[in-house]
Every structure is written in structure tokens, then in C-alpha cells.
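Residue numbers start at 1 and run along the sequence shown.
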Amino acid sequence: ADLARSPSGSNRVWLFDLEVARGLAWQAAADGDLATAGETLAAELVRHGKNGAAGSVTLAAVDLVRLGRAELAVELLAQFPPPIGWPLGGTANRFAHAARDGDATALLAVAHEFSGYGMPLHTAEAAALAATAYRASGQSLAAARARLLADIALTRCEQPQTPALR
């Protein structure tokens with residue numbers, strides 16, 4: 001709470017302000033307030049983006065997707081794109097677009113990309129979103145396969161509870 005009342009200001013390192021915003025966003029999500037979670041994180045992302053911290057914006061935009069705010073993540077990634085040639089930046093961008101569009105095939109591909117980076121929670125979340133999208137389109141077998149990938153990835157995590165996994 002003290003960190004939220006004492007931001008570093010415009011002449012200091014912004015990394016910690018972003019991490020505080022991420023923490024506050026995830027706390028709001030844990031409290032069931034996804035709107036505040038997205039707004040809190042987005043405001044800090046804009047500040048970082050305006051200061052040229054595109055890499056930090058990209059990584060935090062992934063959190064927006066995970067918090068159910070894919071459309072906002074796409075907007076911010078368009079305004080502050082990831083550095084060219086950064087593979088994880090491309091994955092983050094594809095994740096945001098696929099989640100916004102409910103594109104199950106693209107979400108599953110992103111899940112595999114996250115897996116290749118050794119990111120089991122992100123793998124599980126992208127696969128869970130893919131399963132939901134497949135189920136919504138009546139593709140129950142594909143949904144079950146995507147859910148299996150999510151469940152396998154979750155065995156490498158400590159029983160997380162995130163909006164993307166619900």
C-alpha cells in the first residue's frame with residue numbers, strides 16, 4: 001500500500017511502478033474486480049509506453065489478456081508495439097489478438113509457443129482460452145484436447161486461480 005502512495009515519479013526508474021501496478025491489478029482480480037484490475041494496469045502501461053518502455057508494456061499487456069482484457073491489450077500493443085524481432089513480443093501480440101478474436105486455433109498455437117519458452121502458466125491459460133473458444137463453436141473434441149494441454153501445463157504450477165483458467 002505504501003508503494004501505491006509513493007510512485008517513483010517521472011525522473012526515476014519505472015520498473016517498480018509497473019510491478020506495483022501489476023500487483024494491485026492482480027489483487028483487484030483476486031477480489032473479483034476485473035474492471036479495476038484492467039484500468040490499474042492499463043494506466044501504468046500507457047505511462048511506460050510514453051516513456052519508451054515497449055518491452056515492459058508488452059509483457060504487462062500479456063497480463064491484461066490473462067485478466068480478460070484482451071481488447072485493451074491489443075489497443076495498447078498497437079499504440080506501443082513490441083520491439084521488432086523479439087520472438088516473445090510476437091507471441092504476446094498473437095496472444096492478445098487471438099484472445100480478443102476468440103480464435104481457438106491461434107490460441108492453441110500460442111499455448112505451444114509459451115510452452116516452448118518454458119512458461120507453463122501462460123501455456124495453461126492460452127490452452128484454457130482455446131478450449132473455451134472450441135467449446136463455444138461446438139468442437140468438443142478439440143476443446144477436450146486443448147483442456148488436456150492446459151491440465152498438463154498446470155501440473156508444473158502451484159494450483160493457480162486466474163480469470164483465464166476459469
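Looking only at side-chain heavy atoms (C-beta outward), Leu24 and Leu41 stay at 4.5 Å or farther from each other. In this structure, the side chains of Thr91 and Arg94 come closer than 4.5 Å at one or more pairs of heavy atoms. Residues Leu72 and Leu45 fail the side-chain proximity criterion, which asks for heavy atoms closer than 4.5 Å. Using a 4.5 Å heavy-atom threshold, the side chains of Leu154 and Pro160 count as touching. Counting heavy atoms from C-beta on, the side chains of Thr162 and Trp26 come closer than 4.5 Å.
Remark: the backbone N or O of Thr105 is paired with a side-chain donor or acceptor of Asp103 at under 3.5 angstrom. In this structure a side-chain-to-backbone donor-acceptor pair under 3.5 Å is missing from Ser115 to Ala111. Formation of a donor-acceptor pair under 3.5 Å by the Thr36 side chain with backbone atoms of Asp33 is not found in this model. Checked by atom type and distance alone, the side chain of Thr132 pairs as donor or acceptor with a backbone atom of Ala128 at under 3.5 Å.
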Yes or no on side chain to side chain contact (heavy atoms under 4.5 Å, CB included) for Leu149 and His112, after CA distance, side-chain angles and deciding distance?
CA-CA 9 Å; Leu149 175 60; His112 287 290; 3.8 Å; yes
So Leu165 and Leu121, side chain to side chain contact (heavy atoms under 4.5 Å, CB included) or not? Walk me through it.
CA-CA 9 Å; Leu165 293 173; Leu121 179 57; 4.1 Å; yes
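A salt bridge links Asp17 with Arg47: the distance from a Lys NZ or Arg NE/NH1/NH2 to an Asp or Glu carboxylate oxygen falls below 4.0 Å. Salt-bridge formation is detected for the pair Glu125/Arg66: a Lys NZ or Arg NE/NH1/NH2 atom is positioned less than 4.0 Å from an Asp or Glu carboxylate oxygen.
Taking CD of Glu113 as the reference point, atom OG1 of Thr123 lies at 10.0 Å (rounded to 0.5 Å). Arg69 contributes atom CZ, which lies 14.0 Å from atom CZ of Arg100 (distance to the nearest 0.5 angstrom). Rounding to the nearest 0.5 Å gives a distance of 5.0 Å between CG of Asn93 and CG of Leu77. Atom CG of Asp63 and atom OG1 of Thr58 lie 12.0 Å apart (nearest 0.5 Å). Summarising the geometry, atom CG belonging to Leu18 is positioned 6.0 Å from atom OG belonging to Ser56; distances are rounded to the nearest 0.5 Å. In this structure, NE2 in His48 is found 13.0 Å from CG in Leu76, a value given to the nearest 0.5 Å.
Scanning all heavy atoms of the two residues, the minimum distance from Ala133 to Ala104 falls at CB-CB, 3.6 Å. Among all heavy-atom pairs drawn from Ala73 and Ala96, the shortest one is CB-CB, 4.1 Å. Minimum interatomic distance between Ala37 and Ala28 (heavy atoms only, all atoms of both residues): N-CB, 3.8 Å.
No more than 12 heavy atoms of other residues, nucleotides or ligands lie within 6.0 Å of CD in Glu71, so this atom counts as exposed by the packing criterion.
Grouping the Ile, Leu, Val, Met, Phe, Trp and Tyr side chains by contacts below 4.5 angstrom, directly or via other members, places Leu108 apart from Leu148.
Listed by chain and number, the hydrophobic cluster partners of Val110 are Leu59, Val62, Val65, Trp86, Leu88, Phe95, Leu107, Phe114, Tyr117, Met119, Leu129, where partners are ILVMFWY side chains within reach of under 4.5 Å, directly or through others.
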